[in-house]
Amino acid sequence: MVDYMEYTPHEIEPKWRQWWQAQQTYRVSNQSEKPKYYILDMFPYPSGAGLHVGHPLGYIASDILARYKRLRGFNVLHPMGYDSFGLPAEQYAIQTGNHPEVATVRNINRYREQLDEIGLSFDWSREVRTSNPAYYKWTQWIFMRLFEHYYDRDANKALPISQLVSRFATRGNAGMNAVCDDDTPAFSAEDWFAMDAREQQQMLLKYRLTYPGEAYVNWCPALGSVLSNDEVKDGVSERGGHPVERKMMNQWNMRITAYADRLLEGLNEIDWPESIKEQQRNWIGRSVGASVRFDIANHDARIEVFTTRVDTIYGVTFLVLAPEHELVAELTTDAQRTDVDAYVQWAGARSDVERMADTKKVTGAFTGSYVQHPFTGAAVPIYIADYVLAGYGTGAVMGVPSGDQRDWNFAKHFHLPIVPILDAQKDLEEAADPTKEGRYINSGLINGLDYAEATSLLIGYLETNNVGKGKTQYKLRNAVFSRQRYWGEPVPAYWHDGLPHLIDDEDLPLVLPAIDKYLPTENGEPPLARAENWTYTPRQTAETPVAFASVEREPSEIFVVPDIAEDDIISIPVPPYDTVQIESFSQDATDDEQTQDDLLPSHPLTLSRPLELSTMPGWAGSSWYFYRYMDPANDQAFCSPEAMRYWQAVDVYLGGSEHAVGHLLYSRFWNHFLYDLGLVPEREFAKKLINQGMIQGRSNFVFRAKESFFEQYLWMKVLQPYFEEEGPMAQSKSQSEEGYKYDFAFGANNLVIEVTSYKMPEKIERIRRTAEADRKRMLVLSTEEITDDINHPETIAAKIRAALNSREAFIVTPSRPSCEQLYVSQSLLYKYNADVFTKLHVDVSLVENDVLNVEKAKANQQFDKANFKIDPNGQFTCSYEVEKMSKSKYNVVNPDDMVREYGADCFRMYEMFLGPVENSKPWSTSGITGVSGFLRKFWGLFFDSAAKRNPAAEPADTSLFAVSDAAPTADELRTLHTCIKKVTEDIERFSMNTCVSNFMTCTNELRSLNSSKRAVLEPLVVLLAPFAPHVAEELWHHLGHETTVCDAEWPTYDEAHLQLSTIQYPVQVNGKMRGTLEVAVDTSNADIEAMAMAQEFVKRSLQGSAVKKFIVVPGRIINIVA
RNA sequence: GCGGGAGUGGCGGAAUGGUAGACGCGUUGGUCUCAAACACCAAUAACUUCACGGUUGUGCGGGUUCGAGUCCCGCCUCCCGCACCA
């Protein structure tokens, strides 16, 4: 036992954590007189790597806010849970044969330990896990409600399918403004009754908000599953980087497009970062324009195009269809058939990457057919080209070469006429001019008009003559909702008669079945097909009785709707799927609900049906979890209306920006839907969103070029040469005037160069021009040169050396060297690099001073497995790059070590001190000593530090707790109140880094004042409590309190204590700082002027000039204008 | 190409239109020590001056203002997102 108190985080921190737990300090009640505050972190996917130092950044920031709000008298909901369905656990299961839950639970336990260690104030009694059946019961429940509703544009909300049925029965779908599939035909009430039950249900599928349907989907063969658009980046899967192909499949979909406008409008009412809103707007991609129909000469069909520039219609000189367009084959004349077929085939074989790569090259083919211009009647040739995308609009565009550069390029290439349409257009021989200025020429109806006049006139004309209409087009696609995986929520639907049916609400949750292997079956079905008895026996279902023998399907046909002969169907009207009675917020939400039970009989059945085999995607469970925290144990509803009435919506939501168009858009979609049903209180679930920055790690790696790389282009730039060392593996680093770092080396068999950028050819052209503008010369080594030289590295070395000596950058465009000979280090290649390099990440422990320990690496088998060629000298210099922390990059830093070494409080404050929460920054521990020192100094204010210097002089039996009850001085009070003011204001604007600075400043001042008075220190402990809760709790109890500091009262500052008796005025002469002047607070301006003019430095600066103006900004500054 | 954001010491970063660089790291010098570490004290934008001081400084060029890192106009660069989206 020491005889004075030392700051020992390792002792006090666990002690208080246990105490908080025993006291249930963080338990939150749904009943309170206090105002509520809901602060939410995006819950993590519990990965096997555990929590790294990047995760807690947001958790700590939100924890500080939560603790602060609590001290300000709010009842704060601050929960945490796990997004525990996901791919890694499933892959682990495939490898080990263990149930994915095993790995999931283990990872969750590890996360929990780590989270606890940081002292976060989560109410763990409210924990949610998306993979828990009691939770996913409600995910399934929401899915079923989506199935039971359609979107009505006139009501501007989701309505029950039953209403649609009534409507169809009275007026058909004519004149109806409901969101449905594009190919939905118009029909009358008579038509509706003429349909048999199955046809009616299939029609309804075109309207339901979730539905199975044929569509082009992103199919990833490596993952054996489909992916949604936001899960695909640059043509490969976001997870794993596997190739993705477009494939027509029958899958469950979410009709998110129904909410496109509302999701767009909703952005205006929420306080989210502009970049996120922009990304969502971009993703939704609304563009307003017109659709125009072109009649095909000598053919019945018509081609519809979408355009945002209908005013340019008179400039149309050709039409272009996507090669996949359904009319291509029909329209192609015999004379053109060879050309067109070849082109279609060629275009189909091109990958997305290739297509994006050369957008400059004009390709296409003439079909031989013509359309009639709707205004002039002129014959307009129809082409096909792959710059027109099949997936956007109608897959056809009108070519206006005078106003659109792509059309212009196309016209030039195929020698098509270019017609100017505006008098303000520039020379159209050089380029297209997309201007909207000026008056129209060569434009029939609209000659002489301006843009606005022309547009409205033309749209009016299109509509009255029935050749088109004003139209709004979206980029947003309906979201594919099926995943062919095991570890996800089973879709609560079964199949019968080629139609999906919902299981009964009472049978929820539909729990994942036990299976022997977590792989797809041999004939390619999802893993759920392995389950025995994966069938459902409807309770009192109203499904159509049919002759079962004919529709019992092989499992492999599950995703296809089979054709069923009419004879097989006993035709009776089918009731809609029941709507459940739900307690509702708004009265009108239930008003129009009605079931059709009275119209349509139901037939009890006891036969089992095959259940849906696919599961839901990862984003299903995370699209509504914020409500579950409010009422986590409820088994009657996903959340009780009472709980929602109290907590409303999330006040502050914190998480990474990588979810901008995934989770954050889907959640908003589901929330809008639930709002329409009156099930949730607010349109938008999160009022304010804060994106925490990513904490990146340092990755060591080497690159290995793939064969295909050498057909591509490489741009290398070395800015300042160093040739001090010329050993077999010389390496040097430096900093050039421009501030670039580089390193390169020549080896007997190796050439290592820093690659600064890699671009496509046309990009290189641009870069070359930039470089020339910078007056830097560049050396281009031709393909031939490199090919010749690649087997003689010393020759290349000489060339490069010559280039470097003259400070030239250079471009290398090798065509076919042997790839082992070119190692490329530290590169910025990302966009295209999946095709170009294999990036071999190297474990940190294998690298010392940037040099790879090859022996260890071999022992570790890190390179054997990558078939990496090791430098013969046994040394290899590793480059590094700052990138995302990830297990696969061997660059994860866990918070555990930090907590062990410095304590949780120090770790918390250090993470905050790194900079604004929103900023991304590489992890570095330099600077943590500053925070550590601060905590010890702060602690030292409470204890007599003399004892530390000279323990012998102190009595052995005193604890030397040295806080006095004496009255504080004005200086002490000013220090305290300044700190209160700044910390309070800074937390409110979420500026945690400056809060920490303020604490440091305050502590330093108190130390120099030699202050240790209760009246000052006690409020400071409360201020510090959100940031460093453990030490605050310890000191709080030292100060004699028995209850937790978490329930203390946040101190308020008093302006009076901030006042000084004198003011130091900065004095400027002609706007330049010349000195300072100290005056009493109540000095009049005239006196200040007299005093200022008497100052030596003022006289000197004025140099005798007459003063024109004397400005005093009270309390701020003095400026003398001469 | 379109959209969003940002450019401030050696570094992370501070600055309601009012002394640019708070706070911390790093560096340098000092105290303590046999010594080292820790700790403590001091200095630290650049240039210039023996010094007092002076000059220049928030990506570049203009402007508004008594006064601009901050506001306005025109550029440059970097990062992020989207991208033959008609």
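All values below come from the heavy atoms of this structure, side chains included, with hydrogens, waters and symmetry mates left out. Letters A, B, ... mirror the listed sequences (proteins, then strands); counts begin at 1.
- Atom-to-atom, CE of A:Met912 to C1' of B:A14 comes out at 17 Å; the value is rounded to the nearest Å.
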* Can you list the steps and then say if A:Cys1002 with A:Thr978 is a side-chain contact (heavy atoms from CB on, under 4.5 Å)? -> CA-CA 8 Å; A:Cys1002 174; A:Thr978 306; over 6 Å; no

List every contact pair, protein side and nucleotides 24-33 of chain B side both N or O, where the distance is under 3.5 Å.
| residue | atom | partner | partner atom | Å |
| --- | --- | --- | --- | --- |
| B:G24 | OP1 | A:Asn1004 | ND2 | 3.1 |

Please produce a list of atom pairs where a protein N or O lies less than 3.5 Å from an N or O of nucleotides 16-21 of chain B.
| residue | atom | partner | partner atom | Å |
| --- | --- | --- | --- | --- |
| B:U16 | O4 | A:Arg1116 | NE | 2.7 |
| B:U16 | O4 | A:Arg1116 | NH2 | 2.2 |

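- The interatomic distance linking A:Asn998 (CG) with B:A14 (P) rounds to 12 Å, in whole Å.
- Syn is the conformation of B:G9, whose glycosidic angle sits no further than 90° from 0.
- Looking at A:Tyr666, its side chain never comes within 3.5 Å of a backbone N or O of A:Val661 through a donor-acceptor pair.
- Among all heavy-atom pairs drawn from A:Val320 and A:Ile384, the shortest one is CG1-C, 4.0 Å.
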* To do: Any chance you could lay out the side chain to side chain donor-acceptor pair (under 3.5 Å) test for A:Glu304 and A:Thr394, step after step, and finish with the verdict?
  => CA-CA 7 Å; A:Glu304 201 171 315; A:Thr394 57; over 6 Å; no

Pairs: protein N or O with nucleotides 49-56 of chain B N or O, under 3.5 Å:
| residue | atom | partner | partner atom | Å |
| --- | --- | --- | --- | --- |
| B:G54 | OP1 | A:Arg1074 | NH1 | 3.4 |
| B:U55 | OP2 | A:Arg1074 | NH1 | 3.2 |
| B:U56 | OP2 | A:Lys1072 | NZ | 3.1 |

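- Between A:Ile1063 and A:Glu1078, every side-chain heavy-atom pair lies at or beyond the 4.5 Å cut-off.
- Minimum heavy-atom separation, A:Pro381 to A:Thr317: CD-O, 3.3 Å.
- If A:Arg1007 and A:Lys1109 are placed on RNA chain B by their nearest nucleotide, the residue sitting closer to the 5' end is A:Arg1007.
- Between A:Pro273 and A:Asn691, the shortest heavy-atom distance links the atoms CG-OD1, 3.4 Å.
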If you restrict it to nitrogen or oxygen atoms, what contacts under 3.5 Å exist between nucleotides 3-6 of chain B and the protein, and what is each distance?
| residue | atom | partner | partner atom | Å |
| --- | --- | --- | --- | --- |
| B:G3 | O2' | A:Glu278 | OE2 | 3.1 |

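- Rounded to whole Å, atom C1' of B:C84 lies 9 Å from atom CG of A:Asp386.
- Within residues 304-319 of chain A, the residues having any heavy atom closer than 4.0 Å to RNA chain B are, in order of number, A:Phe306, A:Thr307, A:Thr308.
- Using modelled atom types, one finds no donor on one side chain facing an acceptor on the other under 3.5 Å when comparing A:Tyr7 with A:Ser932.
- Spacing of P atoms, B:G61 relative to B:G54, comes out at 25 Å, to the nearest Å.
- With A:Asn409 as the partner, the side chain to side chain donor-acceptor pair (under 3.5 Å) test is satisfied by one option alone out of A:Gln405, A:Arg406, A:Lys412, A:His413: A:Gln405.
- Between B:A22 and B:A46, the distance separating the two P atoms is 13 Å to the nearest Å.
- Here the CG-SG distance, from A:Leu1023 to A:Cys979, works out to 5.5 Å after rounding to the nearest 0.5 Å.
- Rounded to whole Å, the P atom of B:C82 lies 29 Å from the corresponding atom of B:G59.
- Regarding A:Glu658, its CD atom lies at a distance of 13 Å from the P atom of B:C82, rounded to whole Å.
- On the P atoms, B:G3 is 16 Å away from B:A83, given to the nearest whole Å.
- A:Asn993 comes within 4.0 angstrom of the backbone, heavy atoms only, and of no base.
- Taking a 6.0 Å sphere around NZ of A:Lys982, one finds it holds 12 or fewer heavy atoms contributed by other residues, nucleotides or ligands.
- The only option from A:Phe934, A:Phe999, A:Phe913 that meets the ring-ring contact (aromatic ring centres under 6.0 Å, His included) definition with A:Phe1027 turns out to be A:Phe999.
- Here the separation of B:C85 from B:G18, taken at their C1' atoms, is 49 Å to the nearest Å.
- Atom CD of A:Glu911 is separated from atom C1' of B:G12 by 14 Å (rounded to the nearest Å).
- When side chains are defined from C-beta on, A:Phe306 does not count as touching A:Met398, because their heavy atoms never get closer than 4.5 Å.
- Of the P atoms belonging to B:A14 and B:G9, the separation is 14 Å, rounded to the nearest Å.
- At the heavy-atom level, A:Asn919 lies under 4.0 Å from the strands shown only through sugar-phosphate atoms.
- Side chain of A:Lys1109 to backbone of A:Val1107: no donor-acceptor contact under 3.5 angstrom is found.
- Minimum interatomic distance between A:Val288 and A:Thr308 (heavy atoms only, all atoms of both residues): O-CG2, 3.7 Å.
- For the P atom pair drawn from B:A20 and B:G57, the interatomic distance equals 13 Å after rounding to whole Å.
- The distance between atom CG of A:Leu665 and atom P of B:C82, rounded to the nearest whole Å, is 13 Å.
- At the heavy-atom level, A:Pro273 lies nowhere under 4.0 Å from the strands shown.
- Contact between A:Leu462 and A:Ser291 at its shortest, heavy atoms only, is CD1-O, 4.1 Å.
- Side chain of A:Gln280 to backbone of A:Ala660: a donor-acceptor contact under 3.5 angstrom is found.
- Rounded to an integer number of Å, the gap from OH of A:Tyr392 to P of B:A86 is 4 Å.
- Closest approach of A:Val292 to A:Ile313, counting heavy atoms only: CG1-CD1, 4.0 Å.
- Relative orientation of the A:Tyr383 and A:Phe410 rings is perpendicular, given thresholds of 30° and 60° on the angle between their planes.
- Rounded to whole Å, the separation between the C1' atoms of B:U56 and B:U8 comes to 15 Å.
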* Pairing annotation in dot-bracket form, given for RNA chain B with Watson-Crick or G-U pairs under 3.5 Å and | for cross-strand partners -> (((((((..(((.....[....)))((((((.......))))))((((....))))..(((((..]....))))))))))))....

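- A:Glu1005 places its CD atom 14 Å from the P atom of B:A22, with the value rounded to the nearest Å.
- Judged by distance alone, the side chain of A:Arg1074 and the main-chain N or O of A:Gly1071 form no donor-acceptor pair under 3.5 Å.
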